[in-house]
Asker: 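Here you go, one structure.
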Amino acid sequence: MDTDNGIPYRFEPTADAAGLHAAHGDLEPGAETGVEVTIAGRLMLRRDQGKLFFGVLQDATGRIQLFAPQKTTPDFDGFTGLHLGDWVGVTGEVIATRRGELSVRVGSWVRLAEARRPFPDKWHGITDTDTRYRQRYVDLWVTDEAREAFLLRSRAISLMRRWLEDRGFIEVETPVFHPIPGGALAMPFTTHHNALDLDLYLRIAPELYLKRLTVGGMERVFEVARVFRNEGVSTRHNPEFTMLELYQAYADYTDIMVLVEELVAHLAESLLGTTSLTYDGREIDLSVPWTRATLSELLAEHGGLEVDLDTPRPELVRLCEERDITVEDHYGPGKLILELYEKTTEPELWGPVFVTDYPKEVSPLSRDHRDRPGWVERFEGIVAGSELCNAFTELVDPDEQRERFAAQEAGRATGDSEAMAVDEDYLRALEYGLPPTGGLGIGVDRLIMLLTGTTAIRDVILFPTLRPEQERGVSGGPDA
RNA sequence: GCGCCUCUAGCUCAAUUUGGCAGAGCAUCGGACUCUUAAUCCGCAGGUUCUGGGUUCGAGUCCCAGGGGGCGCACCA
């Protein structure tokens, strides 16, 4: 075997911990199988009995005991000298010990990596959340829930892709660098391309590019998109996060509601075996269909406010100020009503519920409501008290879209720093014709939080955004 | 950005009403043990108590400033 400082260049396991438990989990105490396997993993526990050594090996699938008698183990002293955290490869017979523990009796072994740093307490693990996020490579070994949450995340996104592809959606990749930030109302990160001497923005949403593709004839298209918003960090916010966006030609927002509830119910059923979940101590039933209610209805029911777009502005302003909502000059009636909803009603919603029909003023990319002037066909899905998705019947009329952009520009001029900029190329695309289309954005991280029962977004993002460590030699960075 | 809480050995935690030699378990190191299950037992070693000031005969403890982290508010998905 080729080695360097005793460490081989490659290793070939023939079995894993979960597979051994599945195949031999019912052995009688003291049983020998005659089956020889090769396994590899990290030594997580060691119990030295003098002339007998027990170790617990953990691999990607689980844990299995190593059984090493002095008489039969090559370089027994070397083996018992292994440290917690060392990687080791072992070949030997599958047996059950006298106490009935399924084990591999060590016939030959090789150290695959040395753990030069001591592992955390084998019982308590790491409790300091900062250390867990900064040293995820350790957290994944010692925190079972963390490892399980990320495995579930991987399976959920895989299932999501398959489910969409089964319905004729194709996955695409659109630019992360945007010359004009668009598709959402948010503060972008800025950067610069030297050769082109061009200021660029990291995307806050892939929306406008995906709809260009619908113009281009991709009738059902989706992207699992990392997006970037220059906003605060909290238990529900990370500056970079993942959105599933999709666009379906010939569909309206009612079709998208059906798609969302079916997709989420499918994921829950497939991953958890049920659509009845408990999140943060409260029940949530994801079974289809979800409740639908208009924003106006909910505002009347929960906020006790019977207001509409023709309610006199001073009246709306008064209602806001009574509720400690900061009113800015550029707020129109639509924005004021949305503020009232977000202050009085949204915190009371647990869901799942589709909140439908938003004011046109705050929805520059949504199509006019077919029955309600001044409103648009848009909905948000509230699940477990959190905004899971945002969707609408897409605005397809280029003239109307130009007017909406112009209104946004006007808002920017009067102090709305997050107002959308005019995107002339997007308007040109619309002038080539966007068919009736339904669009959707789902916050993937929040969906995973729901499915894993975690209440901190950092528990579903492997490497969440953190301030760099100040310690010498760890902080990195070009100027460090 | 503002408010509240928090920071002690590699990890998990102690340290008496403002104060009196900074300790334990696990891990590491040395030793014992042929069926352990967080093995057990004996021993050694391990510290800028986040940093810097201050009060005091004396500060992990009290005060001030700064830093890291958590939670809440605000913005949002």
Side-chain angles (χ1 to χ4, degrees), chain A residues 29-30 43-56 63-73 76 80-81 83-86 95-103 105 115-135 138-139 141-143 183-187 204-205 225 227-245 324-326 338-339 342-343 346-347 362 380-383 386-391 416-418 440-447 449 455-458 466-471 475:
Chain A
L43 188 65
M44 297 302 283
L45 291 173
R46 50 196 305 284
R47 294 184 284 275
D48 192 345
Q49 289 281 301
K51 295 188 174 62
L52 199 56
F53 179 92
F54 300 89
V56 172
R63 293 177 165 215
I64 184 79
Q65 180 167 269
L66 302 177
F67 177 75
Q70 184 178 37
K71 279 183 185 172
T72 58
T73 303
F76 183 73
T80 59
H83 288 175
L84 286 185
D86 282 354
I95 62 156
T97 60
R98 280 183 217 159
R99 292 290 176 86
E101 180 77 20
L102 183 66
S103 307
R105 183 166 55 208
R116 293 193 189 185
R117 291 172 179 266
F119 253 54
D121 187 284
K122 61 192 176 189
W123 185 244
H124 299 95
I126 310 175
T127 57
D128 180 59
T129 51
D130 185 53
T131 305
R132 289 188 48 218
Y133 302 143
R134 289 188 193 280
Q135 301 184 32
V138 178
D139 183 43
W141 282 105
V142 301
T143 311
L185 305 172
M187 284 292 293
I204 55 175
V227 297
F228 309 87
R229 298 188 183 178
N230 207 338
E231 291 159 0
V233 175
S234 79
T235 52
R236 310 190 81 82
H237 301 87
N238 196 63
E240 55 177 308
F241 63 102
T242 303
M243 285 218 310
L244 169 70
E245 279 211 11
D324 293 326
I325 296 167
T326 306
L338 183 67
E339 290 285 326
E342 288 180 348
K343 181 75 173 187
E346 199 178 57
V362 295
E380 289 190 359
I382 305 291
V383 182
S386 178
E387 290 174 28
L388 183 71
C389 66
N390 185 21
D416 183 357
S417 62
E418 294 190 344
L440 166 70
I442 290 184
V444 170
D445 309 279
R446 288 189 179 172
L447 177 59
M449 288 167 69
T455 54
I457 197 169
R458 289 171 165 189
L466 302 170
R467 188 174 269 108
E469 285 180 279
Q470 297 302 313
E471 290 172 48
S475 59

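Everything numeric here is computed off the predicted structure, so don't read it as measured data. Chain naming here is simple, since letters A, B, ... match the order of the sequence lines and numbering starts at 1 in each.
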Asker: Given that both distances must come in under 3.5 Å, which nucleotide forms a Watson-Crick or G-U wobble pair with B/A65?
Answerer: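 B/U51 - that is the nucleotide pairing with B/A65, both distances being under 3.5 Å.
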Asker: Nearest to the side chain of A/Arg47 - B/U37, B/U12, B/G10?
Answerer: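 Looking only at heavy atoms from C-beta outward on A/Arg47, the closest nucleotide is B/U37.
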Asker: Taking the same atom, C1', in B/U16 and in B/U12, what whole-Å distance lies between them?
Answerer: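 Those two atoms are separated by 23 Å.
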Asker: Identify whether any heavy atom of A/Gln65 sits under 4.0 Å from a base atom; if not, whether one sits that close to sugar-phosphate; answer base, sugar-phosphate or nothing.
Answerer: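 Base contact - A/Gln65 has a heavy atom under 4.0 Å of at least one base atom.
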Asker: Verify, without hydrogens or angle tests, whether A/Arg46 (side chain) and A/Thr80 (backbone) share a donor-acceptor contact under 3.5 angstrom.
Answerer: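 It does hold such a pair.
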Asker: Once you round it to whole Å, what is the distance between C1' of B/A39 and NZ of A/Lys51?
Answerer: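 So the two atoms are 17 Å apart, to the nearest Å.
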Asker: Roughly how far apart, to the nearest Å, are B/A65 and B/C5 at atom P?
Answerer: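 About 14 Å, rounded to a whole number of Å.
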Asker: Classify the nucleic acid contact of A/Arg63 as base, sugar-phosphate or nothing, counting any heavy atom under 4.0 Å across all strands shown.
Answerer: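 If one applies the 4.0 Å heavy-atom cut-off, A/Arg63 turns out to touch nothing in the nucleic acid.
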Asker: Taking the side chain of A/Arg458 as heavy atoms from C-beta outward, which of B/G69, B/G70, B/A27 is closest to it?
Answerer: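 The closest nucleotide is B/G70.
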Asker: A/Phe54 CZ to B/U40 P: how many Å, rounded?
Answerer: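 In whole Å, B/U40 P and A/Phe54 CZ are 14 Å from each other.
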Asker: Quick check for you: among B/G69, B/G25, B/C29, whose closest atom lies nearest to any side-chain atom of A/Asp130?
Answerer: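 Selected nucleotide: B/G69.
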Asker: If you measure from OG on A/Ser386 to CD on A/Glu380, what distance do you get to the nearest 0.5 Å?
Answerer: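 It comes to 10.0 Å.
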Asker: Atom CZ of A/Arg229 to atom P of B/A74: distance rounded to whole Å?
Answerer: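 After rounding, the gap between these two atoms is 19 Å.
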Asker: So what does A/Phe67 touch, heavy atoms closer than 4.0 Å: a base, only the sugar-phosphate, or nothing?
Answerer: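 Contact class for A/Phe67: base.
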Asker: On a plain distance test, is the side chain of A/Asp121 in donor-acceptor contact with the base of B/G25 below 3.5 Å?
Answerer: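 Indeed there is one.
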Asker: Counting any heavy atom closer than 4.0 Å, what does A/Asp48 reach on the DNA or RNA strands: base, sugar-phosphate only, or nothing?
Answerer: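 Base: the residue A/Asp48, judged by heavy atoms under 4.0 Å, touches a nucleobase.
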Asker: Searching all strands shown, indicate the nucleotide that pairs with B/C33 (Watson-Crick or G-U wobble; both distances under 3.5 Å).
Answerer: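 Pairing partner: none.
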Asker: Between A/His124 and B/G25, is there a side-chain N or O to OP1/OP2 distance below 4.0 Å?
Answerer: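 Checking A/His124 against B/G25: no side-chain N or O falls below 4.0 Å of OP1 or OP2.
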Asker: Considering only side-chain heavy atoms of A/Pro118, which listed nucleotide, B/C35, B/G72, B/A27, is closest?
Answerer: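 From the listed options, B/A27 comes nearest.
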Asker: For B/A14 versus B/G25, give the span between their C1' atoms, rounded off to a whole number of Å.
Answerer: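 Approximately 11 Å lies between the C1' atom of B/A14 and that of B/G25.
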Asker: Using a 4.0 Å heavy-atom cut-off, does A/Thr97 contact any base of the nucleic acid, only the sugar-phosphate backbone, or nothing at all?
Answerer: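 Counting heavy atoms under 4.0 Å across all strands, the contact made by A/Thr97 includes a base.
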Asker: Can you check the distance between B/C50 and B/U61, where both ends of the measurement are the C1' atom (answer in whole Å)?
Answerer: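 Each nucleotide's C1' atom is 16 Å from the other's.
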Asker: How close or far is atom C1' of B/C11 from atom CH2 of A/Trp141, stated in whole angstroms?
Answerer: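 So the CH2-C1' distance, A/Trp141 to B/C11, works out to 18 Å.
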Asker: Please measure how far the P atom in B/C44 lies from the corresponding atom in B/C4, and state the result in whole Å.
Answerer: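 It works out to 47 Å between them.
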Asker: For the atom pair CZ (A/Phe67) and CZ (A/Phe53), what is the distance rounded to the nearest 0.5 Å?
Answerer: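 One gets 12.0 Å once the value is rounded to the nearest 0.5 Å.
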Asker: Enter the distance from A/Leu440:CG to A/Met243:CE here, rounded to the nearest 0.5 Å.
Answerer: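 Reported to 0.5 Å precision, the distance equals 9.0 Å.
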Asker: First locate atom CZ of A/Arg458, then atom CE of A/Met449, and finally report the distance between them rounded to the nearest 0.5 Å.
Answerer: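 CE of A/Met449 is found 12.0 Å from CZ of A/Arg458.
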Asker: Quick one: A/Glu387 CD to B/C75 C1', roughly how many Å, whole number?
Answerer: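 A/Glu387 atom CD is separated from B/C75 atom C1' by 11 Å.
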Asker: Output the rounded distance in Å from CZ (A/Arg46) to C1' (B/U34).
Answerer: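 Rounded to the whole Å, the gap is 16 Å.
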Asker: Under the side-chain hydrogen bond (donor to acceptor under 3.5 Å, both in side chains) rule, collect the residues that match up with A/Ser234, sequence neighbours excluded.
Answerer: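 For A/Ser234 the side-chain hydrogen bond (donor to acceptor under 3.5 Å, both in side chains) partners, ignoring immediate neighbours, are A/His237.
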Asker: Starting the side chain at C-beta, find the nucleotide from B/C35, B/G25, B/U37 nearest to A/Glu101.
Answerer: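 So the side chain of A/Glu101 is nearest to B/U37.
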Asker: Would you mind pulling out the nucleotide paired to B/C73, Watson-Crick or G-U wobble, both distances under 3.5 Å?
Answerer: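 The answer is B/G1, by the H-bond criterion.
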Asker: Taking the minimum atom-to-atom distance to the side chain of A/Trp123, which one of B/U34, B/A38, B/A74 wins?
Answerer: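 So the side chain of A/Trp123 is nearest to B/A38.
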Asker: Please state the P separation for the pair B/G47 and B/C11 - nearest whole angstrom.
Answerer: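 To the nearest whole Å, 14 Å.
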Asker: So what does A/Thr131 touch, heavy atoms closer than 4.0 Å: a base, only the sugar-phosphate, or nothing?
Answerer: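 No contact at all - A/Thr131 keeps every heavy atom at 4.0 Å or more from the nucleic acid.
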Asker: Do any N or O atoms from the side chain of A/Asn390 and from the backbone of A/Gly441 form a donor-acceptor pair under 3.5 angstrom?
Answerer: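 Pair absent, no side-chain N/O of A/Asn390 close to backbone of A/Gly441.
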Asker: Could you work out the separation of B/A24 and B/U49 based on their C1' atoms and round it to a whole Å?
Answerer: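 That atom pair is separated by 16 Å.
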Asker: How long is the line joining CE of A/Met187 and P of B/C75, in whole Å?
Answerer: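 A/Met187 atom CE is separated from B/C75 atom P by 15 Å.
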Asker: Within the structure shown, what part of the strands sits under 4.0 Å from A/Asn230 by heavy-atom distance: base, sugar-phosphate, or nothing?
Answerer: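 No contact.
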Asker: Starting at atom CG of A/Asp128, determine the distance to atom P of B/G68, rounded to an integer number of angstrom.
Answerer: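 Whole-Å distance recorded here is 14 Å.
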Asker: Expressed as a whole number of Å, how far does the C1' atom of B/A27 sit from that of B/A39?
Answerer: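 Here B/A27 and B/A39 have their C1' atoms 15 Å from each other.
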Asker: Please check the phosphate of B/U28 (OP1 and OP2 only) for any side-chain N or O of A/Lys122 closer than 4.0 Å.
Answerer: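 No, because none of the side-chain N or O atoms of A/Lys122 sits under 4.0 Å from OP1 or OP2 of B/U28.
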Asker: Give one of base, sugar-phosphate or nothing for A/Gly85, where a contact means two heavy atoms less than 4.0 Å apart.
Answerer: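 Nothing, no nucleic acid heavy atom in range.
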Asker: Using both distances under 3.5 Å as the test, list the Watson-Crick or G-U wobble partner of B/U8, or none.
Answerer: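 Paired with no nucleotide.
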Asker: Indicate whether OP1 or OP2 belonging to B/G69 is found under 4.0 Å from a side-chain N or O atom of A/Arg134.
Answerer: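 Yes.
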Asker: Taking 4.0 Å as the cut-off, does a side-chain nitrogen or oxygen of A/Thr127 come that near to OP1 or OP2 on B/G70?
Answerer: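 The answer is no; no side-chain N or O of A/Thr127 sits under 4.0 Å from OP1 or OP2.
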Asker: With sequence neighbours left out, write down each residue that passes salt bridge (charged side-chain N to carboxylate O under 4.0 Å, His left out) with A/Asp86, or none if nothing qualifies.
Answerer: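 A/Asp86: salt bridge (charged side-chain N to carboxylate O under 4.0 Å, His left out) contacts with A/Arg111.
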Asker: Hey, what do you get for CD1 (A/Ile64) to CG (A/Leu102), rounding to the nearest 0.5 Å?
Answerer: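 Atom-to-atom, A/Ile64:CD1 and A/Leu102:CG are 4.0 Å apart.
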Asker: Classify A/Gly50 by what it touches in the nucleic acid, base, sugar-phosphate, or nothing, heavy-atom distance under 4.0 Å.
Answerer: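 Base contact - A/Gly50 has a heavy atom under 4.0 Å of at least one base atom.
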Asker: The side chain of A/Leu45 lies closest to which of these nucleotides: B/A38, B/U34, B/U28?
Answerer: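 The answer is B/A38, which lies nearest to the side chain.
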Asker: Mind checking if A/Gln49 touches a base, just sugar-phosphate, or nothing, with heavy atoms under 4.0 Å?
Answerer: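 Answer is base: heavy atoms of A/Gln49 come under 4.0 Å of a base.
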Asker: When the nearest nucleotide of RNA chain B is assigned to A/Ala96 and to A/Glu380 on a heavy-atom basis, which residue is associated with the more 5' position?
Answerer: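 Closer to the 5' end of RNA chain B: A/Ala96.
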